[in-house]
*Asks:* 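Take a look at the following structure, please.
In the text below, chain A, chain B and the rest are named by the order of the sequence lines, each starting its count at 1.
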Protein chains: 2
Amino acid sequence: MEYQEAKEKFINTWGSLGTLWGINKAMAQIQSLLFISTKPLSMEEIMAELKISRGNTSMNLRQLMDWGIVTKELVPGERKEFFATEKDVQELARHIAKERSRREIKPVIKILKEVSSIEDDGTAKTKELIKQTKALFDLAETADTMMNKIVNQEHNWITKSLLKLIK
Amino acid sequence: MEYQEAKEKFINTWGSLGTLWGINKAMAQIQSLLFISTKPLSMEEIMAELKISRGNTSMNLRQLMDWGIVTKELVPGERKEFFATEKDVQELARHIAKERSRREIKPVIKILKEVSSIEDDGTAKTKELIKQTKALFDLAETADTMMNKIVNQEHNWITKSLLKLIK
DNA sequence: ACAAACTTTCAATAATTATTGAAAGTTCAG
DNA sequence: CTGAACTTTCAATAATTATTGAAAGTTTGT
């Protein structure tokens, strides 16, 4: 396998994984293209490389910037804009985990809390609803906290301790 | 908020979260309905409750069974089949993590390994591809291992240690 | 073996989501 | 200020994914 094939394989695989996890394909592909690029890329270059339209490229670049994992890079002497992604995988994971927590997990936790706090009218079905949503609430909150802590602190020590613990 | 409203809120929220994470809405809703039910439900009951067709119900129940989180329960004296989901959230998380790892993460890790193992031809772009996919490979493998270990063992002790570590 | 009771399958259709491309918007050099 | 170079927006369209419902399949009691 040489460069071109490996590159395509990587970009495609990443694109499909994204799709599977509710992330749009173009977005995942743009990010992965930038991730292995040696320099920031212009919109033209991204369009050409991935064979996607200008509009699609623009919108997905925006989303990636909203997620905090792609930035505009101004290249001196160039009029057009260039884009680069966070290159450090740890930082990348940190951003993504943080955002998914904020946008998706936290709101669900809030609802779980509400639902599990309804008044117990003494019926079996109400008791069950309270019990189960409470259990889910506890799990979600623990997982969310763990995720954020692991991913947030400068955490070489914590990662190491963790790995020692579970290996 | 009383029972009916809370129940609907829970089922809907769970359904949307599923969608967001690449899980089909009906599937997520069926699972959450079973999760708060005090007894196994028949297909008729599920269809009526969620207002979905027989075919849809049948297919999604099958998928839930493939994921190992829903089982058929034979109720004595009844001809029709009844369904129940795993009620313990820890077990539930265990099953889901295990399956997602097996189906989705492991295959990607394999590709990352392949791609990061191409021959270094000395060019900058090849070096970058190798370096970045290798970093991703390491991260993915560590995360996958952690996830599986955390979620697999009888792990009260490990969870406790973990929480102590990161709190 | 039959038929009632039930489940599964799958082609057709609907709903959702992604993508395009051209018009509108912005920026900036001269 | 003007217009070329570039980006964004968004209505139309395409692609994908979910859902339906009825026919085919299966199981079980008699």
*Asks:* Starting at CE of A/Met27 and ending at C1' of C/dT19, how long is that distance when rounded to a whole Å?
*Replies:*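 Going from CE in A/Met27 over to C1' in C/dT19 covers 16 Å.
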*Asks:* Looking at A/Lys9 and B/Glu114, is any side-chain nitrogen of the basic one under 4.0 Å from a carboxylate oxygen of the acidic one?
*Replies:*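 Salt bridge present between B/Glu114 and A/Lys9.
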*Asks:* Please determine whether a side-chain nitrogen of the Lys or Arg among A/Asp66 and A/Arg62 lies less than 4.0 Å from a carboxylate oxygen of the Asp or Glu.
*Replies:*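 No.
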*Asks:* Can you tell me the distance, in whole Å, between the CD atom of A/Glu81 and the C1' atom of D/dC6?
*Replies:*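 For the pair A/Glu81 CD and D/dC6 C1', the rounded distance is 8 Å.
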*Asks:* Near DNA chain C, under 4.0 Å by heavy atom, which residues of residues 59-79 of chain A?
*Replies:*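 Contacts with DNA chain C under 4.0 Å: A/Arg79.
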*Asks:* Between A/Val89 and B/Asp138, does the side-chain contact (heavy atoms from CB on, under 4.5 Å) criterion hold? Intermediate values first, please.
*Replies:* CA-CA 9 Å; A/Val89 286; B/Asp138 289 342; over 6 Å; no
*Asks:* Between D/dT7, D/dT20, C/dT7, spot the one nearest the side chain of A/Met43, thanks.
*Replies:*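 Within the option list, the nearest is D/dT7.
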*Asks:* Checking B/Phe10 now: which residues fulfil ring pair (Phe, Tyr, Trp, His ring centres under 6.0 Å) with it, not counting sequence neighbours?
*Replies:*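 If we apply the ring pair (Phe, Tyr, Trp, His ring centres under 6.0 Å) test to B/Phe10, skipping adjacent residues, the hits are B/Trp14.
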*Asks:* Run the salt-bridge test on A/Lys125 and A/Glu128 with the 4.0 Å N-O cut-off and return the result as yes or no.
*Replies:*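 Answer for the salt bridge query: no.
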*Asks:* Could you state the atom-to-atom distance from CE of A/Met47 to P of C/dT20 in whole Å?
*Replies:*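 In whole Å, C/dT20 P lies 9 Å from A/Met47 CE.
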*Asks:* Check whether any side-chain heavy atom of A/Glu2 lies under 4.5 Å from a side-chain heavy atom of B/Ile118, and answer yes or no.
*Replies:*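 Not touching, per the 4.5 Å side-chain cut-off.
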*Asks:* I need the CD1-P distance between B/Ile52 and D/dT20, as an integer number of Å.
*Replies:*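 From B/Ile52 CD1 to D/dT20 P: 7 Å.
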*Asks:* What does the list of N/O pairs under 3.5 Å between the protein and nucleotides 15-18 of chain C look like, with a distance for each?
*Replies:*
none

*Asks:* Please state how far atom CD1 in A/Ile46 lies from atom P in C/dT19, giving the value in whole angstrom units.
*Replies:*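 Roughly 14 Å, once rounded to whole Å.
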